[in-house]
Structure formats: C-alpha cells, structure tokens
Amino acid sequence: MTMALTGKVAPYKKGFGPFPGSVYHVPYPSQLHNISTADTLIAIERLFKADIDASQVAAIIFEPVQGEGGFNVAPPELIAAIRHLCDEHGIVMIADEVQSGFARTGKLFAMDHYAHQPDLMTMAKSLAGGMPLSGVVGKADIMDAPSPGGLGGTYAGNPMAVAAAHAVLDIIEDEKLCQRADALGERLRIALLDCKESCSELAQVRGLGSMIAAEFCDAKTGEPSAATAQRIQKNALDQGLLLLTCGQYGNVIRFLYPLTIPDDQFDAALNILRSVMKH
C-alpha cells in the first residue's frame with residue numbers, strides 16, 4: 001500500500017507490483033514548472049468527477065515540504081484548500097512529516113508554518129537520532145477508534161528507541177536547533193545563490209529552514225537537467241562531500257546535513273560546494 005502511495009516510480013515502484021487500486025496522484029505545486037495551487041485543486045476536482053466520488057475517499061495525504069519530490073514547499077493556500085475539502089467531504093487530512101519533522105524546517109514540524117492543521121501526522125527519521133522509531137499522532141477520535149491492541153507491532157514502544165527520542169527532543173530544545181536550522185539554511189542559501197552567475201544551470205534554490213534544495217535545468221532549453229545534478233554530485237564526492245539527488249526528473253540536489261553539524265565542518269562543505277558549482 002505504501003508503494004502504491006508514493007509518487008515516484010524509479011527506483012521504488014519499478015520492478016514491483018501490481019499495486020492496490022483507488023490510489024490517485026495529482027501534481028504538486030511548483031513555480032519553476034508552472035504548476036499552481038489552482039492547477040492542483042482542479043486536478044483533485046477532476047478526480048472527484050472522473051475517478052472516485054469524494055465520499056469514498058479515505059484520506060488526502062501530502063508532504064508539507066516534499067522529500068523525494070524535490071523539496072517543493074506547499075503554498076499556504078494549498079494547505080487551507082485541502083483542509084476545506086477534507087472538512088467538506090469527511091476526508092482525513094494526513095501530513096507526512098517523516099522527512100520534514102523535528103526542527104528540519106526551522107520549526108519542530110513543517111505544519112507549524114501553516115494556520116491549518118492535519119487530522120493525522122506521520123513521523124520517523126530524525127525522531128530518535130538514528131534509532132529505529134516511527135509514529136503516527138493525531139486527533140483523539142481517530143487515534144482512539146481502533147479497539148485496544150488494534151494498532152501495534154512487534155517493536156512498538158521499544159524502550160531504547162523511546163529513550164533516544166526523549167534525548168532528541170531535549171537536544172532540539174536545549175541547543176535551539178529550530179533556530180540553528182534557520183541560520184544554517186540561510187548560510188547555505190546564500191552560498192548557492194552566490195554560484196548562480198557562474199552556474200547558469202542553477203534554476204532555483206528553495207526550501208524552509210535547513211530543508212534546502214537546488215534545482216538544475218538546461219540553460220538554453222529550460223528543461224530539467226539530471227546530468228548537471230549528477231556531475232555536481234560526482235565532483236563533490238571526489239572532494240569528500242556527499243550530496244543526494246531527488247525530484248521527479250532527478251535534477252534536484254537536496255541538503256539534509258545534521259543540525260548539530262560543527263561550524264567548521266559546515267564551512268568546509270560550503271567551500272567544496274562553491275568550488276564544484278563554480279567550475
């Protein structure tokens with residue numbers, strides 16, 4: 001079911017299947033690719049008319065900041081519209097914060113940037129500082145709906161992972177990692193934009209806090225350029241800097257450094273990044 005939900009075929013769905021039905025995708029807003037919030041909402045309304053009645057929709061699931069999708073940030077008007085649709089049709093609104101949660105975007109959760117809140121929220125990754133732990137939180141009437149024991153698992157409530165999560169939450173508060181995410185992200189954003197003149201393929205720098213991405217397109221045609229992203233990734237690796245690509249076209253480099261990264265290490269990474277992009 002999870003593989004059916006993801007909107008990226010390669011490498012996740014390729015070679016697998018068939019998948020459960022009644023899972024539908026609509027375009028995520030992207031200024032660079034001329035997809036507006038209105039386009040997304042029109043696509044949802046088209047689904048309700050052509051593929052599935054709104055009363056049969058269990059949930060609308062979205063990432064407030066896309067992960068694999070390329071770090072596109074959901075416009076506030078999209079979140080408001082999804083909340084309205086869910087309230088109107090009795091649909092559960094689910095925010096996927098697995099990648100964007102725990103101070104990554106400059107707030108504890110990316111949804112804290114918005115006025116409207118989801119019914120359920122998924123979380124994992126940074127939650128336990130490397131220990132295997134994930135969770136779902138939400139409104140009591142939904143969370144309490146299953147009978148006792150209806151939700152669980154072999155490793156649910158693992159004491160070591162839970163202790164690690166408590167330590168992570170303490171560190172986020174004590175070391176003011178939300179503020180640090182903003183500060184580090186601004187330094188990265190400035191470094192990337194400084195390279196724009198010498199790297200004409202750099203089409204956009206976007207994100208929230210320290211969840212920053214750089215998207216690369218052909219300077220002449222404007223088409224997505226995965227080759228440029230891969231070339232930068234390879235040249236950075238040659239100098240000891242690990243970079244990760246993402247996006248529908250594989251032309252986006254995303255930055256997901258630890259928020260506890262030492263300043264001298266962060267400076268060294270920025271120097272390598274500048275050197276690679278300027279050459």
Side-chain angles (χ1 to χ4, degrees), residues 28-32 62-80 95-118 121-130 137 164-196 199 202-216 236 241-247 252-274 277:
Y28 199 99
S30 168
Q31 180 186 18
L32 186 62
F62 65 95
E63 291 175 293
V65 182
Q66 283 188 311
E68 283 290 332
F71 280 27
N72 290 298
V73 180
E77 58 269 24
L78 175 67
I79 303 297
D96 177 356
E97 291 255 21
V98 167
Q99 193 162 149
S100 60
F102 298 98
R104 174 61 52 186
T105 65
K107 293 185 181 292
L108 191 59
F109 296 103
M111 287 303 297
D112 291 337
H113 291 276
Y114 301 96
H116 298 82
Q117 293 303 304
M121 191 163 70
T122 62
M123 56 184 65
K125 291 190 185 292
S126 300
L127 170 58
V137 299
H166 278 283
V168 165
L169 291 171
D170 289 342
I171 289 170
I172 289 174
E173 182 177 2
D174 295 343
E175 299 186 13
K176 297 179 171 56
L177 293 190
C178 288
Q179 296 92 319
R180 182 161 174 78
D182 282 334
L184 292 175
E186 185 60 21
R187 288 169 61 189
L188 173 60
R189 190 186 298 271
I190 290 171
L192 288 167
L193 292 175
D194 283 347
C195 300
K196 193 169 178 61
C199 182
L202 178 58
Q204 189 179 56
V205 177
R206 59 175 178 265
L208 289 175
S210 275
M211 199 168 179
I212 302 293
E215 181 159 358
F216 299 89
L241 177 63
L242 290 167
L243 297 176
L244 191 64
T245 59
C246 66
V252 180
I253 291 178
R254 54 178 158 171
F255 298 88
L256 286 168
Y257 42 83
L259 300 179
T260 53
I261 186 172
D263 285 328
D264 57 349
Q265 190 174 12
F266 192 74
D267 290 337
L270 291 184
N271 288 336
I272 293 172
L273 185 63
R274 289 189 187 98
M277 289 187 62

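Here the structure is a predicted model, which means the values were calculated and not measured.
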Would you say the side-chain atoms of His113 pair up with the backbone N or O of Pro76, donor to acceptor, closer than 3.5 Å?
no

Spatial distance of atom CD1 (Ile79) from atom NE2 (His116) [nearest 0.5 Å]:
10.0 Å

Let's go through Leu188 and Phe266 carefully: what are the C-alpha distance in whole Å and the side-chain angles of both, what is the deciding distance for side chain to side chain contact (heavy atoms under 4.5 Å, CB included) to 0.1 Å, and is it a yes or a no?
CA-CA 9 Å; Leu188 173 60; Phe266 192 74; 4.3 Å; yes

Hey, what do you get for CG (Leu202) to CD1 (Ile253), rounding to the nearest 0.5 Å?
9.5 Å

Quick one: closest heavy-atom pair of Ala164 and Ala128, and the distance?
CB-O, 3.5 Å

Taking all non-hydrogen atoms of both residues, which atom of Val252 and which atom of Gly247 are closest, and how far apart?
CG2-CA, 4.3 Å

Presence of salt bridge, Asp263 and Arg180, under 4.0 angstrom:
yes

Check whether any side-chain N or O of Gln117 sits under 3.5 Å from a backbone N or O of Met111 as a donor-acceptor pair, and report yes or no.
yes

Heavy-atom side-chain proximity of Phe216 to Cys199 below 4.5 angstrom:
yes

So do Lys107 and Tyr114 actually touch side chain to side chain, heavy atoms under 4.5 Å?
no

With a 4.5 Å cut-off on side-chain heavy atoms, are Phe62 and Asp96 touching?
no

For the pair Asp182 (side chain) and Gln179 (backbone), establish whether a donor and an acceptor sit closer than 3.5 Å, ignoring hydrogens and angles.
no

State, yes or no, whether a side-chain contact exists between Arg104 and Leu256 at a heavy-atom distance under 4.5 Å.
yes

How would you list, by chain and number, every residue that makes a side-chain hydrogen bond (donor to acceptor under 3.5 Å, both in side chains) with Asp194, sequence neighbours excluded?
none

Scan side-chain atoms only and decide if Gln99 and Arg254 contain a donor-acceptor pair under the 3.5 Å cut-off.
yes

Between Ala203 and Lys196, what is the shortest heavy-atom contact and its length?
O-NZ, 3.7 Å

Flag side-chain contact, heavy atom, 4.5 Å: Arg206 against Asn72:
yes

N/O donor-acceptor pair under 3.5 Å between Glu97 side chain and Glu63 backbone
no

Run Met123 and Val98 through side chain to side chain contact (heavy atoms under 4.5 Å, CB included) and show every step you take.
CA-CA 4 Å; Met123 56 184 65; Val98 167; 5.7 Å; no

So, taking the atom named CD1 in Ile171 and the one named NZ in Lys176, what distance separates them when rounded to the nearest 0.5 Å?
14.0 Å

Can you find a pair of side-chain heavy atoms, one from Asn271 and one from Leu273, that are under 4.5 Å apart?
no

Do Arg189 and Leu193 touch side chain to side chain, with heavy atoms closer than 4.5 Å?
yes

Is the Phe255-Phe71 ring centre distance short of 6.0 angstrom?
no

Considering non-hydrogen atoms only, spot the tightest contact between Ala181 and Leu259 and give its length.
CB-CD2, 3.9 Å

Flag side-chain contact, heavy atom, 4.5 Å: Val168 against Leu127
no

Glu173 CD: over 12 foreign heavy atoms closer than 6.0 Å:
no

Which atoms form the tightest heavy-atom contact between Val73 and Gly207, and what is the distance?
CG2-CA, 3.8 Å

Using every non-hydrogen atom in the two residues, find where Leu108 and Cys178 come nearest and quote the distance to one decimal.
N-SG, 3.6 Å

How far does OH of Tyr257 sit from CG of Leu184, to the nearest 0.5 angstrom?
5.0 Å

